[in-house]
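Only one structure is covered here, and it is reproduced in the block below.
The figures that follow rest on heavy atoms only: side chains count, while hydrogens, waters and symmetry mates do not.
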Amino acid sequence: MSDFQYLHTMIRVRSLDESVKFYTELLGMKELRRNDVPDGKYTLAFVGYGDEASHTVLELTYNYGVDSYDQGTAFGHLALGVPDIYGAVEKLRAAGVKITREPGPVKFGKTVIAFIEDPNGYKIELIERK
């Protein structure tokens, strides 16, 4: 179906400001838009590396008054490409980001990856792409 386009992935967050800061200041995304819905008791912030017309983005959903979520076992991770994985991990570590897998090749392969966690515990795979 060539009429389909992947628009965004939504994750629920316990602190919208903390999450936006993580994705923009530490991972280099831009906050593209924010939509506060008081009647629905939630706020959405869309972040990404480019405009929504031509890039897939991340939707951060904050539900008023909810400060924790059970992530379950179905969600895996987000993946971001980086040109220098070792340098990126050191900068993130210095900023206090939790590194859950140090950079290195995948098992039985040559691709170099690492894993970090965002402030909500979501796993993010970094993949070196030179």
### From Asp36 atom CG to Leu44 atom CG, the distance as rounded to the nearest 0.5 Å
9.0 Å

### Task
Would you give the length of the straight line joining atom CE of Met10 to atom OG1 of Thr61, rounded to the nearest 0.5 angstrom?
4.0 Å

## Note on the structure
Taking every heavy atom of Ile85 against every heavy atom of Ala114, the minimum-distance pair comes out as CD1-N, 3.4 Å

#### Entry: Verdict with supporting geometry, Ile11 and Leu60, side-chain contact (heavy atoms from CB on, under 4.5 Å)
CA-CA 5 Å; Ile11 58 175; Leu60 305 172; 3.8 Å; yes

### Task
Could you tell me the separation between the CG atom of Leu80 and the CD1 atom of Ile127, rounded to the nearest 0.5 Å?
8.5 Å

#### Entry: side-chain contact (heavy atoms from CB on, under 4.5 Å) between Ile124 and Glu117, intermediate numbers included
CA-CA 6 Å; Ile124 301 168; Glu117 282 186 8; over 6 Å; no

### Query
Nearest 0.5 Å, what's the NZ-CD1 distance between Lys98 and Ile116?
12.0 Å

### Query
Where is the tightest heavy-atom contact between Tyr69 and Val13, given as atom of each residue plus distance?
CE1-O, 3.8 Å

#### Entry: Test ring-ring contact (aromatic ring centres under 6.0 Å, His included) applied to Tyr62 - qualifying residues, sequence neighbours left out
none

### Task
Please lay out, stage by stage, how Leu16 and Arg34 fare under the test side-chain contact (heavy atoms from CB on, under 4.5 Å).
CA-CA 10 Å; Leu16 193 58; Arg34 193 179 284 224; 3.7 Å; yes

### Task
Determine, for Glu18 against Lys21, whether the closest basic-nitrogen to carboxylate-oxygen distance falls under 4.0 angstrom.
no

### Query
Between His77 and Tyr122, does the ring centre distance come in under 6.0 Å?
no

#### Entry: Inter-residue atom distance Tyr23.OH - Met29.CE, 0.5 Å rounding
6.5 Å

### pair Phe22-Val47: side-chain heavy atoms closer than 4.5 Å
no

### Query
Does one hydrophobic cluster hold both Leu26 and Phe115, with members joined at side-chain heavy-atom distances below 4.5 Å?
no

### Query
Is the shortest side-chain N to carboxylate O distance from Asp118 to Arg12 below 4.0 Å?
no

### Query
Are any side-chain N or O atoms of Thr24 and backbone N or O atoms of Lys30, one a donor and one an acceptor, separated by less than 3.5 Å?
no

### Check: Val66 main-chain N/O paired with Asn63 side-chain donor or acceptor under 3.5 Å
no

### Task
Return yes if a side-chain donor-acceptor contact under 3.5 Å exists between Asn35 and Thr43, otherwise no.
no

### Task
Of all the heavy-atom pairs spanning Asn120 and Gln71, show the shortest one and how long it is.
O-NE2, 2.8 Å

### ILVMFWY cluster, Val20 and Val57 together (side-chain gap under 4.5 Å)
no

### Summary
Between Tyr86 and Pro103 the two heavy atoms that sit nearest each other are CE2-CB, 3.4 Å

### Message
Going by the rule salt bridge (charged side-chain N to carboxylate O under 4.0 Å, His left out), which residues pair with Arg14 if we only count those two or more places apart in sequence or in a different chain?
### Response
none

### Message
Do Thr100 and Lys123 have side chains that approach each other closer than 4.5 Å (heavy atoms only, starting at C-beta)?
### Response
yes

### Task
Check for a donor-acceptor pair, side chain of Arg101 on one end and backbone N or O of Ile113 on the other, with a separation under 3.5 Å.
yes

### Query
In Å, rounded to the nearest 0.5 Å, how long is the span from CD of Glu59 to CZ of Phe46?
3.5 Å

### Considering all heavy atoms, the nearest Gly50-Leu32 contact
O-CD1, 3.4 Å

#### Entry: More than 12 heavy atoms from other groups under 6.0 Å of CZ on Arg129
no

### Query
Okay, side chain of Glu128, backbone of Gly104: is any donor-acceptor separation there less than 3.5 Å?
no

### Message
Hydrophobic clusters here meaning ILVMFWY residues chained together by side-chain heavy-atom distances under 4.5 Å, can you tell me if Val106 and Leu126 are in one?
### Response
no

### Message
List the residues meeting side-chain hydrogen bond (donor to acceptor under 3.5 Å, both in side chains) with Arg33, not counting sequence neighbours, and say none if there are none.
### Response
Glu52

